[in-house]
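Remarks on the structure that follows.
The structure presented is a predicted model; accordingly, all values stated were derived computationally and were not measured.
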Amino acid sequence: MKRRPVWIRWHDAAHVAPGEWVDNLADTGVTVHTVGVLIGKTKTHLVIAHSVDSSGNCTGVFSIPRTAVEDWHELHD
């Protein structure tokens, strides 16, 4: 798989008011925009890294469930 930069818009859970009492919460999820290097795709996840060196080693590897992804596309120069 060719590694390429991508933008992903996805939905995540959110911890609301940690340690505080709350009431009448509506939608507490968040929409996240993530940019990284796509290093893998499975049926269930998109896997990105924030850095890849010249040997192909990756750091900042992050796996986003496809069920949470609203949209994504490859970035170009």
Side-chain angles (χ1 to χ4, degrees):
M1 164 181 214
K2 182 180 176 186
R3 294 179 173 174
R4 59 193 191 268
V6 294
W7 164 84
I8 304 170
R9 181 175 57 232
W10 59 287
H11 301 284
D12 199 2
H15 193 153
V16 178
E20 301 290 328
W21 289 96
V22 295
D23 61 15
N24 298 324
L25 291 177
D27 181 10
T28 58
V30 295
T31 299
V32 181
H33 297 261
T34 300
V35 174
V37 179
L38 184 67
I39 60 170
K41 293 188 296 186
T42 70
K43 289 182 180 180
T44 59
H45 287 79
L46 297 177
V47 182
I48 63 166
H50 74 65
S51 297
V52 180
D53 71 12
S54 59
S55 298
N57 298 310
C58 302
T59 189
V61 176
F62 194 68
S63 180
I64 302 172
R66 284 185 181 250
T67 55
V69 173
E70 180 179 316
D71 191 19
W72 72 282
H73 60 82
E74 186 175 337
L75 299 174
H76 301 280
D77 290 340

Val69 and Phe62: same hydrophobic cluster, using ILVMFWY side-chain contacts below 4.5 Å?
-> yes
The reported gap from CD1 in Ile48 to OG1 in Thr34 (rounded to nearest 0.5 angstrom) is 5.5 Å
**Asked** Does the side-chain contact (heavy atoms from CB on, under 4.5 Å) test come out yes or no for Lys43 and Arg66, once each step is laid out?
**Response** CA-CA 8 Å; Lys43 289 182 180 180; Arg66 284 185 181 250; 5.9 Å; no
>> Are Val52 and Val47 connected into the same hydrophobic cluster when the rule is that any two of I, L, V, M, F, W, Y join if their side-chain heavy atoms are below 4.5 Å apart?
In response: yes
In terms of heavy-atom contacts, Val30 and Ala13 come closest through CG2-O, 4.1 Å
One should read off an interatomic distance between His73 NE2 and Ile8 CD1, to the nearest 0.5 angstrom, of 10.5 Å
To the nearest 0.5 Å, atom NE2 of His45 lies from atom OG1 of Thr67 at 7.0 Å
* State plainly whether one hydrophobic cluster holds both Val6 and Trp10, where clusters connect Ile, Leu, Val, Met, Phe, Trp and Tyr through side-chain heavy atoms under 4.5 angstrom apart. => yes
(request) Report the C-alpha distance between Trp72 and Leu38 in whole Å, list the side-chain angles of each, state the deciding distance to 0.1 Å, and finish with yes or no for side-chain contact (heavy atoms from CB on, under 4.5 Å). (result) CA-CA 11 Å; Trp72 72 282; Leu38 184 67; 3.9 Å; yes
Rounded to the nearest 0.5 angstrom, the CG-NE2 distance for Asp71 and His33 is 10.0 Å
(message) Membership question, hydrophobic clusters at under 4.5 Å side-chain separation (ILVMFWY): are Val32 and Ile64 in the same one?
(response) yes
- Query: With distance as the sole test, does Thr42 use its side chain to make a donor-acceptor pair with the main-chain N or O of Thr44 at under 3.5 Å?
  - Reply: yes
One should read off an interatomic distance between Leu46 CG and Lys41 NZ, to the nearest 0.5 angstrom, of 7.5 Å
Treating Ile, Leu, Val, Met, Phe, Trp and Tyr as nodes and any side-chain heavy-atom pair under 4.5 angstrom as an edge, say whether Val37 and Val61 lie in one connected cluster.
-> yes
